[in-house]
Amino acid sequence: MSEAHDIAGAERYPFASRGAPFQVARTEGCYLITPQGRRVLDAAGGAIVVNIGHGRREVAEVYAAAAEEATYVVPPFVTASRARLTERVLDRWVPPGLTRVAFTCGGSESVDGAVRLARQHHLSAGRAGRYKVVGRELSYHGVTLATLAVGGHGKRRAGFEPLLLPQPKVPACYCFRCPLEKSYPDCGVACATALEETILREGPDTVAAFIAEPIGGSTAGALVPPDEYWPRLAEICRRYGVLLVADEVMTGYGRTGKKFAVDHWGITPDILIGGKGLTGGYAPMGAIFATEAVVEPIIEAGDELMFYTYSAHPAGCAVADKVLEILEREHLVERAAAMGLVLRDRLQRLAAHPNVADVRGRGLLHAVELVRDKSTLEPFAKEARLTSKVVAAGLSEDVFFYPGGSDPARDVITLGPPFVITEAEIDQMVEVLGRAITSAVNRAEARTAAAS
Ligand SMILES: Cc1ncc(COP(=O)(O)O)c(C=O)c1O
């Protein structure tokens, strides 16, 4: 039996795959283990999800007990696990002022719900004209039609545009290739001021909210804004009565070395969205947090926001509560900050690589941007599928890297390992990444030479 068919049914999964999918039989700590017993270092924590590491028995036990205790209960009812998680996450995790929460089944659902919440807030307050949600270029908020519409991930939106409501966009905070052709600090952070210009152009009375990732995720790879950026955005939103929505699906729950990335700038958004790290991958869950001021008009008007069937799943809530408890008990947010410095230090060694144009990030969310020519920043041809080649080369050396990028940041590898990663594993990860990039570049150049 070939390696590709070791797990029955593998040849038909997933339905749009190119070639044989990679098979994983088990996961443990920082490792994916194949049916043949190969241990593959998970440099991406899955899809930048697995913060406490894979395969913790105490989480699995909580999951099993919770499923037995309360199998399914409609989301508006309270269960013990829902109450415990609500208390923990609101009292100990989110920035002060966020006093309300609704749990969902993941990131896209949370963003979708946040967009509806923002709209409902204005509707209930008698401002029916406010419906637009301003987003940013080079952003990602999910793959449902509403989340693609507010996002700016060109590659993932491509072809679906006729189905997407046109939503205003502001330029990305992408200093490496500034879309405004300015440079920091002389730019005066014009990409933040662009929000005000956009709100004024659209008409403040039509804008419900502005949504952004505090530190960009995998679209352009771990984009960290200058320190003035988020305070400026918050001020602009306040001035025009526009709700500030921070999408922390990738950055939340410690990933960037603080509980939430907005904590780097002491910001409390009106609405905060978290997914992935809430359960560290042990259960599909997300959350929408809001201030009292956001929810108040909805309650006063007697309005409601419809839930998803599996919102606040009792076993998912029990898992999330346990995962947050582990993060607290083992001081893993602090560890993400400390190991992030180690990762940054090791990645700097790749800065000399002829195809690594930029190294950026915060905590255990970092990225490298790859180009064909560092002097002109010319990217590789799309057909070269460079990041896929890096991932394949990494897997051949037993490390899994997360591919990202969307034009103009075409080829990006994002690193987001579990917070329990060791220094030795970071060394291995970065050494393999350097070799994987070289091997992918050689294959891409050979392909170009053969085609010409
Ligand atoms: C910032 C951000 N928002 C939303 C999403 C969508 O989350 P999900 O894939 O869980 O639907 C992602 C996923 O990567 C993300 O990074």
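Bear in mind the structure is a predicted one, so any value in this text is a computation, not a measurement.
Using a cut-off of 4.0 Å between Lys/Arg side-chain N and Asp/Glu carboxylate O, R349 and E431 are scored as not salt-bridged. Ion pair E28/R56 not flagged as a salt bridge, since none of the NZ, NE, NH1 or NH2 atoms sits closer than 4.0 Å to an Asp/Glu carboxylate oxygen. Remark: E161 does not engage R157 in a salt bridge, criterion side-chain N to carboxylate O under 4.0 Å. Contact check on R335 versus E328 returns no salt bridge, with no Lys/Arg side-chain nitrogen under 4.0 Å from an Asp/Glu carboxylate oxygen. Ion pairing between E325 and K322 holds under the 4.0 Å rule for side-chain N and carboxylate O.
For H121 and R127, the side-chain atoms include at least one donor-acceptor pair closer than 3.5 Å. Using a 3.5 Å distance cut-off with no hydrogens or angles, the side chains of Y31 and E425 do pair a donor with an acceptor. Side chain to side chain, T414 and H366 fail the donor-acceptor criterion of an N or O pair below 3.5 Å. No hydrogens or angles considered: a donor-acceptor pair under 3.5 Å links the side chains of S124 and D303. No donor-acceptor contact under 3.5 angstrom links the side chains of Y229 and R232, judged on distance only. Inspection of the E213 and S139 side chains reveals no N or O donor paired with an N or O acceptor under 3.5 Å. A donor-acceptor contact under 3.5 angstrom links the side chains of S110 and T104, judged on distance only. No hydrogens or angles considered: nothing links the side chains of E137 and Y174 as a donor-acceptor pair under 3.5 Å.
Within the cation-pi definition used here (under 6.0 Å to the ring centroid, within 45° of the axis), R156 qualifies as a partner of Y140. Relative to the six-membered ring of Y253, R92 misses at least one condition, a distance below 6.0 Å or an angle of at most 45° to the axis.
To the nearest 0.5 Å, atoms CD1 (I52) and CG (L327) are separated by 6.5 Å. Put simply, OG1 on T144 and CD on E109 are 9.0 Å apart, with the number rounded to the nearest 0.5 Å.
Annotation: side chain of T256 is not in contact with side chain of V224 (no heavy-atom distance under 4.5 Å). Residues E248 and I273 are not in side-chain contact: their nearest non-hydrogen atoms beyond the backbone lie 4.5 Å or more apart. Here the side chains of F401 and L41 are not in contact, with every heavy-atom distance at 4.5 Å or above.
Relative orientation of the F400 and Y402 rings is perpendicular, given thresholds of 30° and 60° on the angle between their planes.
At distances below 3.5 Å, not a single donor-acceptor pair connects side-chain atoms of K389 with backbone N or O atoms of V441. Side chain of D263 to backbone of F260: a donor-acceptor contact under 3.5 angstrom is found. A donor-acceptor pair under 3.5 Å links the side-chain atoms of K374 to the main chain of V356, judged by distance alone. Within the 3.5 Å criterion, the main-chain N or O of L324 finds no donor-acceptor partner in the side chain of R329.
Annotation: salt bridge (charged side-chain N to carboxylate O under 4.0 Å, His left out) contacts of D321 (sequence neighbours excluded): R84, R88. In terms of the salt bridge (charged side-chain N to carboxylate O under 4.0 Å, His left out) criterion, residue partners of E423 (sequence neighbours excluded) are, by chain and number, R346.
Listed by first then second residue, pairs satisfying side chain to side chain donor-acceptor pair (under 3.5 Å) with a partner in residues 274-285 number zero, not counting sequence neighbours.
Nearest heavy-atom pair across S406 and L138 is O-CD2, 3.5 Å. Across all non-hydrogen atoms, the minimal contact from V50 to R255 is O-NH2, 4.0 Å.
Tested against E202, the residues L200, T198, I199 include a single side-chain contact (heavy atoms from CB on, under 4.5 Å) partner, T198.
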Report task. Take E87 and R82 through the salt bridge (charged side-chain N to carboxylate O under 4.0 Å, His left out) test and state the conclusion after the steps. Result -> CA-CA 9 Å; E87 198 176 343; R82 284 174 182 164; over 6 Å; no

